[in-house]
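The block underneath contains the structure these notes are about, expressed in C-alpha cells.
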2 protein chains.
Amino acid sequence: MNRPLRVPRVDNRLPMLLDEAARLFGSQGFAGTSIRDIVRRVDMLPGSLYYHFAAKEDLLAAVYEEGVRRISERVAAAIKDQVDPWQRVEAACVAHLEALLEESDYAQVVIRVRPSDVPAIGARLVALRDRYERVFVDLTDALPLRAGTDRRTLRLMLLGALNWSQTWYRPGRDDAAAIARGFVALLRRPSNQE
Amino acid sequence: MNRPLRVPRVDNRLPMLLDEAARLFGSQGFAGTSIRDIVRRVDMLPGSLYYHFAAKEDLLAAVYEEGVRRISERVAAAIKDQVDPWQRVEAACVAHLEALLEESDYAQVVIRVRPSDVPAIGARLVALRDRYERVFVDLTDALPLRAGTDRRTLRLMLLGALNWSQTWYRPGRDDAAAIARGFVALLRRPSNQE
DNA sequence: GGACGTAGAAAACAAGTGTTTGTTTTAGTA
DNA sequence: TACTAAAACAAACACTTGTTTTCTACGTCC
C-alpha cells in the first residue's frame, strides 16, 4: 500500500526557487537565464535543483503553468460580477494587464517566453496559453458588434496590444488599468470623424 | 598621401554572415543564438567573425540597424503616394507588417530582440527604434479624431497589435496585409452597436 | 531503532560559450 | 618583384553551461 501522505519539510526552498525562476525567466528570457543565476539568490547549489526538476525545461514548465493559473484566476474573478459584454471585456483586460505588469512575475513569463524557444516542452506551453486565451474568445464572441466585424481580428488586436505593452510599460509613469481601459475604449467608440 | 579606396575582396562573406545572423537572431533571439550557430552555415570559423566585429553585441547592432533601415525604407515608400491621413496610416501598417512577417529577417530582429537583453548596446537599440517609430507619431497626429481621443494610446495599440502578430502569424494561413488592414479598420470604424 | 523518503551539499562532468592569438591566403598596388 | 591590406584559418584560451553522482542531515513511520 503506497503512502498518500508526504510530509514536506519546513525549510523547503522550492517556493523561493520558483519565485526566483519566475523573476529571471520573466525579465531575461529562458536562454538568457542560467541555472546558477536562479539558485544563487536562493542560497542553493546548481545540482540541488535537480532534486525538484529533471531539467531546466521542466522548471520553466512549472513556472509557466503557475503563471497561467494566476492570470486565469485574476481574470475570472474580475469578470464574475460583470454582466454587460463590453464591461466584461474591459474588466478582463484590466485584470490581464494588472497581472502582467504590476503583480506577478509568473504572468510575465507566460507572455515573455515563446514556446518555440523551448522545443522540448513547446507543445505543452502552447496548450496552456491557448486554454487561457479561450476566455477571451468567449468574451469577444458575446460582444454586440456591427455585422461584418471580424471577431478574431478584434481579439488578436486587443490581446496583442495588451501583451506588447510589456515592452514599453514603465511602473510609475504608466498605469496598467488605464492602459487597458484606453485600448478597449478605442475599439468600443469610434475614433474617426467621417 | 594615403589611399581612401580600399578594395574589398570578391570572396568576402560578410553579407552572408549578416544574413545568417539576422535569420538566427530573429528566430531564436540573441542569447539563444551562439556565434558557432551563425558561422556554421557560412562555412566560417568562430574566430573569423572577430575580424568584422569586435564582439557579438556589435554584430547584433549591425543587424538591428540594417533592420531599422529596411522597415523605414518600406514604410516611407508606402506612404509617399498617399494623402488621406487614414490611408497613410493604413499603408504604413501594411508595409510595416509585410516587412516584419513576410520579407525581412532583419526586420524581425528589430521587433524580437529587446534592448534590455543586450545592456552593452541597449541604449543604441532604443534610439534606433525610437527614431523609426517617430514616423508613426506623425502619422497618428495627422488623423482626424474626435476630441478627447488619446493619440498616444491609439498609436501604442496599433503598433503593439502589429508587432505582437509576430508571435501567432503563420505564413500560408495568415496574410500580413489583410491583418494590418483589419487592425486599422477596427480603429477607424466603430465596432459597437450602441 | 532501523528503514525510508525528503531536501539538499559537495564536487565533478562533458560540452559549449565568447574571445584571442599567431599564421596563412588572396589580391591589388608601387 | 616587393609590399601591403583584406579576410580568413587553426588552435587554443578561460570560463560558463546543464547535468550527474555520491554522500549526508533530518524527520516520520512501523
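Letters A, B, ... mirror the listed sequences (proteins, then strands); counts begin at 1.
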On DNA chain C, more 5' by nearest nucleotide between A:Arg36 and A:Met44 is A:Met44
Hey, is the side chain of [X] poking within less than 4.0 Å of OP1 or OP2 on [N], counting only N and O atoms?
X	N	value
B:Asn12	D:dA6	no
A:Tyr51	C:dG8	no
B:Ser34	C:dT17	yes
B:His52	D:dA8	yes

Compute whether any side-chain donor of one residue and acceptor of the other, for B:Arg114 and A:Gln166, lie under 3.5 angstrom apart. yes
Rounded off to whole Å, could you give me the [atom1]-to-[atom2] distance for the [X] and [N] pair?
X	N	atom1	atom2	answer
A:Leu49	C:dA10	CG	C1'	16 Å
B:Leu60	C:dT19	CG	P	12 Å
A:Phe53	D:dT20	CZ	P	15 Å
B:Lys56	C:dG16	NZ	P	15 Å
A:Leu45	D:dT21	CG	P	18 Å
B:Asp58	C:dG18	CG	P	14 Å

Which part of the nucleic acid, if any, lies within reach of A:Asp43 when heavy atoms closer than 4.0 Å are counted: base, sugar-phosphate only, or nothing? sugar-phosphate
So, under a plain 3.5 Å distance rule, would you say the side chain of A:Ser48 forms a donor-acceptor pair with the base of C:dA9? yes
Measure from the side-chain heavy atoms of [X] and tell me the nearest of [options].
X	options	answer
B:Tyr50	D:dT17, C:dT20, C:dA9	C:dT20
A:Ile35	C:dA10, D:dA8, D:dT19	D:dT19
A:Arg13	D:dT19, D:dA7, C:dA9	C:dA9

For B:Ile179, is there any backbone N or O sitting under 3.5 Å from a side-chain donor or acceptor partner on B:Tyr169? no
Taking the side chain as C-beta and beyond, is there a heavy-atom pair between A:Leu154 and A:Leu187 under 4.5 Å? yes
Does the Lys NZ or Arg CZ of A:Arg155 fall within the cation-pi geometry relative to A:Phe136 - under 6.0 Å from the ring centre and within 45° of the axis? no
